Each structure stands twice: as structure tokens, then as C-alpha cells.
Protein chains: 2
Amino acid sequence: MAAKNDDSGPAIPPAIESAWGLRERPPKGPRPGLTVPGIVDAAVRVADADGLTAVSMSRVAKELGAATMALYRHVGSKDELLMLMVDAGYGPSPGPPPPQDDWRAGVTRWAWAEREVLRRRSWLLHVPITGPPITPQQLGWLEDGLRCLDGTALAEGEKMSVLLLITGYVRNEATLTSQIAEGSRAAGVEPSEMMPAYGRTVARLIDPARFPALHRVLAAGVLNQDDDPDDEFTFGLDRILDGVEALVRRRAA
Amino acid sequence: MAAKNDDSGPAIPPAIESAWGLRERPPKGPRPGLTVPGIVDAAVRVADADGLTAVSMSRVAKELGAATMALYRHVGSKDELLMLMVDAGYGPSPGPPPPQDDWRAGVTRWAWAEREVLRRRSWLLHVPITGPPITPQQLGWLEDGLRCLDGTALAEGEKMSVLLLITGYVRNEATLTSQIAEGSRAAGVEPSEMMPAYGRTVARLIDPARFPALHRVLAAGVLNQDDDPDDEFTFGLDRILDGVEALVRRRAA
DNA sequence: GCATTACAGCGTACGACATACGCAGAAGGG
DNA sequence: CCCTTCTGCGTATGTCGTACGCTGTAATGC
């Protein structure tokens, strides 16, 4: 008797397989009133409305008019539900790059698309990541990113590394800006006053003799002006893409 | 009567103030058997031994031979304890850059130092970040990073952005490698077999016609060889620093 | 038509967790 | 000596994930 997975594979959860369209409904038994996509949608609705901390099994069940334990017929655990929520929350990838775009324009578009998703659903950033992507939409995003680099002379491994670099940057930047937003809401401060208040706090704590460089930054008023977050994002992205561009040129030569 | 914070500041938690050495012991009352540093050390010991999920208030109290609720006399909440754990977990910053180092060597050293800390204490990556750094060691790291850029013609705000970019990259890269390690331990697979197994899983799931670029990456065997994680880290860091270098040159001109 | 069978939904229960609250005892000040 | 103030802690509450088993339902085999 073979194991349940025919050849190999480290045991994909059943709900993930159903997300890939494998796994048909068994012929017997009562018609299910709950479905995996329905549960995931309800969970996403809760997260959109009240944040990830509001997503508990009982809250999601309430959203569906079902009992808590009913969900466990369809998802193996809360972690599995979270994985599916991430997949649904990202949504479909922005699509392949327009043909007239060079790699840099394509990757820029791709990065901005991810940023936009993370801005609108900041709870995605709070889901603890447990492994590399294996859900359909996630791999769709990856695919479209790779296609942006198709015209370059980069090795396949380098393309992957570059995308990892970019998506990591986008996530990181989105995390920081979302922290400012959430922190200001928690403290009851205007978002535009958040960084100045932070600057004042740090200025009060540090000794200029021990933290001269930091003191200079504060004295320059870096944190006082609230610059457009888009500019901050563009700055970092352009730095990274400048570095990638140097590599692309070298490989082309 | 004024509020407890003299001038401004969004209410620094008392335990953080004590980490800065403000706040002397009140003259009355019994001598405390527990101290904030002692509690934090115990919590760090637990996290080092059994991971961040093992860090509960009762577990930390047990480590100290105290009752759970005794901890709340010294830290305001678990989140506050986590913040102090991060500060202690990072430890002292690597120090200012050696005088003979140029900015790039200095920043590289700084990035590798953070990476080393995150490699040895991967639980640091699992602590949900709730705001910008306000603890002594964290700001010490920031200070030393800024000093690496002292010789450049970058604006103060640009220095800050560059460091944010780098530290974000380091955290991201460390997160990915730690996921591989933790995932392999959870699945009972050799760490070197983790990525190949992932590649086989993805290959089984995707349709080559719908995911051509991804299929090409897999066919190239990118995930099959287990490359040195140090090389992967160096690759991304060099890309970013190439991009920063272009900016530094432009500002110097 | 009827028994069988596999599955959907759910009620109960358990163990872990953070933490509010209030009491008992210690240490120094008047 | 007593009063204030602080430490440590026991109790209790509410939330959470989820293991287990029961009940009813729908399709299949006779």
C-alpha cells in the first residue's frame, strides 16, 4: 500500500489541493452548505473589516451563520485557512507585462501592483509566513514577475533572486508604512504627526554625545516633514533597480 | 498638576524608560526579587531554547521560580516584554566602522552583523514589530549604521532611507532562510532537501502552458542545487549596494 | 423501497493563554 | 509604632484553537 501521495511531495494540505481545482466532490453524503472558497471569503471579509486579529474560527463561522467546528470539515486548521486567505487576499496577479515595456518598467509595474494590494489589505502583512508560496494566485504573481525579466540575459536563478529581492522590499516598505498608520490610530494621533512625535521621543531619550549621527539626523528635521510615502517607496525601489540594472548590463555584455 | 509626561511624547511604557536607565528605585517598599533585566533575560533564554511560541508569561515566570502575575509588576504587558526581548536579543551593536573602511565596507560589515544575530536568534524575526525602534540597543545599531555613511555626500534623510533599505533586506533574507530551516525541521526533511522537495511540489501543481516562465525556472534546476545561503545573501546585498553606490556617486558630483 | 455507508454540521469539553483584581506581607518614613 | 507604599501572588474571567463523538442526510447496492 503506497502512501496517499503517489510519488513524493511533502504532504500538501487537502484544502490547498482543492484551491488548485484537484479533488472532486465525493458522490455520497449530504450536499455541503459550506465550501472552502465561501469560508475563505468570509475570513477575508472579517480581516478587511476588523483586521487579522479579529479573524478567529468562531468569528468566521458567525459570519457564515455556522458553528465554529463546522469549519474544520473544510479546512484542516487555522493556519491552513490563513494560507488560503493570503492567496485570496492577494487576488489575481497584475497580468503579464505589456509588450512595449522593457524589463525595468515591467518590474516597476509589478512592484507597484503588490504595494497597492498590501496597502489596501494591510492584514496580509500580519499573516505569519510559514513557507514558500504554493497557492495558485501566489505562483501567478511569481510567474508574471518572471515574465518581466524574460528579455534579459539573467540566469534563471538570478531572475528568481531579483524577484525575491523586490518582493521583499515591497513587503518591508509596506510593513513600515502600515505600522505608522496603525500606530497613529492606536495612539489617537494624526498620521502626519506620527513621525514628528517619534522624532521628539527619540530626541528626548538619546544623549547627543553618544548618538551623534542619529542626533544629526534628528536635527536635520528628517522626521518632521511628512514626505509622501510614494516618494519613499520610489526611492528604495529605484536604488534596487539601479543595482539590478548594473547586473543586467554586465550579463548582456 | 501636569500629566505624567512633562512636555510631549506619546507615552513611553515605564519598562522602556527603565531600559534607558531613567527611573530610580522608589525608596519605600520591599526589595524587588524580580527585575526587568532579569525577566527579559529569562524570556530570552526561553526563546533561545524553545522558540518564540514557547514564550508565555507563565513559562517565563516558571523560569524564574515566580508566579505568573508577579511579572506584571515589572512589565506592563506581554507586548512590552517582547519589545524588551528584541532589544536584549539584538545585543550591543557591532560598533562604529573601522576608520580605514569606506562606506561600502562599513555598511557591508553592519549588514553581516545583523544577519549573524538573526541567524542565531531566529525568533527575533517572529516578534511582531509594532513601531519604530525606541530601545537603547536598537538605536545603537541605527547610530552605527548612520556612522558608516558619514563620509558620503548623502542627505541625512537619504542616509536613513538607505539604512532602512538595508536592514529590511537583511531581515527579509534572514526570514526566508529561517523558514527553510524551520520548515525542514517541521516536515522531518533534511534542510538540503527542502528546496528540491518544494520544486517537485510546484512542478506537480503547475501547468507548463499557464506558467511557462516558472516552468523554465524549475526545468533549469534552480531549486535543486542547494546553494550556499551566504552567496544568496551576498548577491542581494551587492545589488542593493550597487544601487546605493550609484546614488552616492551622483551626490558626490 | 430499504438498508448501508460516507459525509456534513455541530455541541461539548479541554487545555493554554493574557490579564483584571484584590489581598498579604515587607520595608522604610513620620 | 503606625502608616504609606510597594512586591509577590492566588483567583477568576474571557478568548482561543481544536479533539471527539453524536445526529441527521443523501446517494448507492440490494
Side-chain angles (χ1 to χ4, degrees), chain A residues 4 13-15 17-18 23-40 42-43 46-47 50-85 123 126-128 130 186, chain B residues 4 13-15 17-18 23-40 42-43 46-47 50-85 123 126-128 130 186:
Chain A
K4 62 179 165 229
E17 288 198 333
S18 90
R23 205 169 209 82
E24 62 270 26
R25 207 179 89 63
K28 284 210 202 175
R31 226 75 48 84
L34 300 175
T35 65
V36 174
I39 293 171
V40 173
V46 172
D50 299 330
L52 193 67
T53 58
V55 176
S56 68
M57 297 306 270
S58 69
R59 178 81 151 74
V60 174
K62 196 167 296 173
E63 190 81 10
L64 292 163
T68 306
M69 292 311 293
L71 304 184
Y72 283 93
R73 285 277 168 210
H74 304 270
V75 297
S77 67
K78 187 184 181 184
D79 283 345
E80 213 173 289
L81 175 58
L82 286 174
M83 199 186 307
L84 295 170
M85 284 177 66
W123 54 264
H126 297 319
V127 179
T130 59
Chain B
K4 61 178 165 232
E17 288 198 334
S18 90
R23 206 171 210 80
E24 61 270 27
R25 208 180 86 66
K28 285 211 204 173
R31 224 75 47 84
L34 299 176
T35 65
V36 174
I39 292 171
V40 173
V46 171
D50 298 331
L52 193 67
T53 58
V55 177
S56 68
M57 297 305 270
S58 69
R59 178 79 152 72
V60 174
K62 196 167 298 171
E63 191 80 10
L64 292 163
T68 306
M69 292 311 292
L71 305 184
Y72 283 94
R73 285 279 167 207
H74 304 270
V75 297
S77 67
K78 189 185 180 182
D79 283 345
E80 212 173 289
L81 175 57
L82 286 174
M83 200 187 308
L84 295 170
M85 284 176 67
W123 54 265
H126 297 320
V127 179
T130 59

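In this text, all values refer to a predicted model and were calculated from it rather than measured experimentally.
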Minimum-distance pair of heavy atoms, taken over all atoms of A:A42 and A:E63: CB-CG, 3.9 Å
Working for side chain to side chain contact (heavy atoms under 4.5 Å, CB included), residues A:L71 and A:V60: CA-CA 9 Å; A:L71 304 184; A:V60 174; 4.1 Å; yes
Nearest heavy atoms of A:A15 and A:L84, plus distance in Å: CB-CD1, 3.7 Å
Summary of protein contacts for nucleotides 23-30 of chain D, nucleotide by nucleotide, where a base hit scores B, a sugar-phosphate-only hit scores S (4.0 Å, heavy atoms): -BBSSS--
Close side-chain approach of B:V75 to B:V40, heavy-atom, < 4.5 Å: no
Worked check of side chain to side chain contact (heavy atoms under 4.5 Å, CB included) between B:M57 and B:L81: CA-CA 9 Å; B:M57 297 305 270; B:L81 175 57; 4.0 Å; yes
Reported CG-to-CH2 distance for the pair B:D50 and B:W123, which is rounded to 0.5 angstrom: 13.0 Å
Verdict with supporting geometry, B:R59 and B:V55, side chain to side chain contact (heavy atoms under 4.5 Å, CB included): CA-CA 6 Å; B:R59 178 79 152 72; B:V55 177; over 6 Å; no
Heavy-atom closest contact (B:E80 atom, B:G76 atom, distance): OE2-N, 3.2 Å
Contact check, side chains of A:H74 and A:P32, non-hydrogen atoms, under 4.5 Å: yes
Atom-pair distance (CE on A:M69; P on D:dT15), nearest Å: 18 Å
Span of DNA chain C, from the first to the last nucleotide whose atoms fall under 4.0 Å of chain A heavy atoms: C:dT5 to C:dT12
Neighbours of DNA chain C within residues 70-85 of chain A, by heavy-atom distance under 4.0 Å: A:A70, A:R73, A:H74
Residue pair B:T130, B:D79: steps toward the side chain to side chain contact (heavy atoms under 4.5 Å, CB included) verdict: CA-CA 9 Å; B:T130 59; B:D79 283 345; 5.5 Å; no
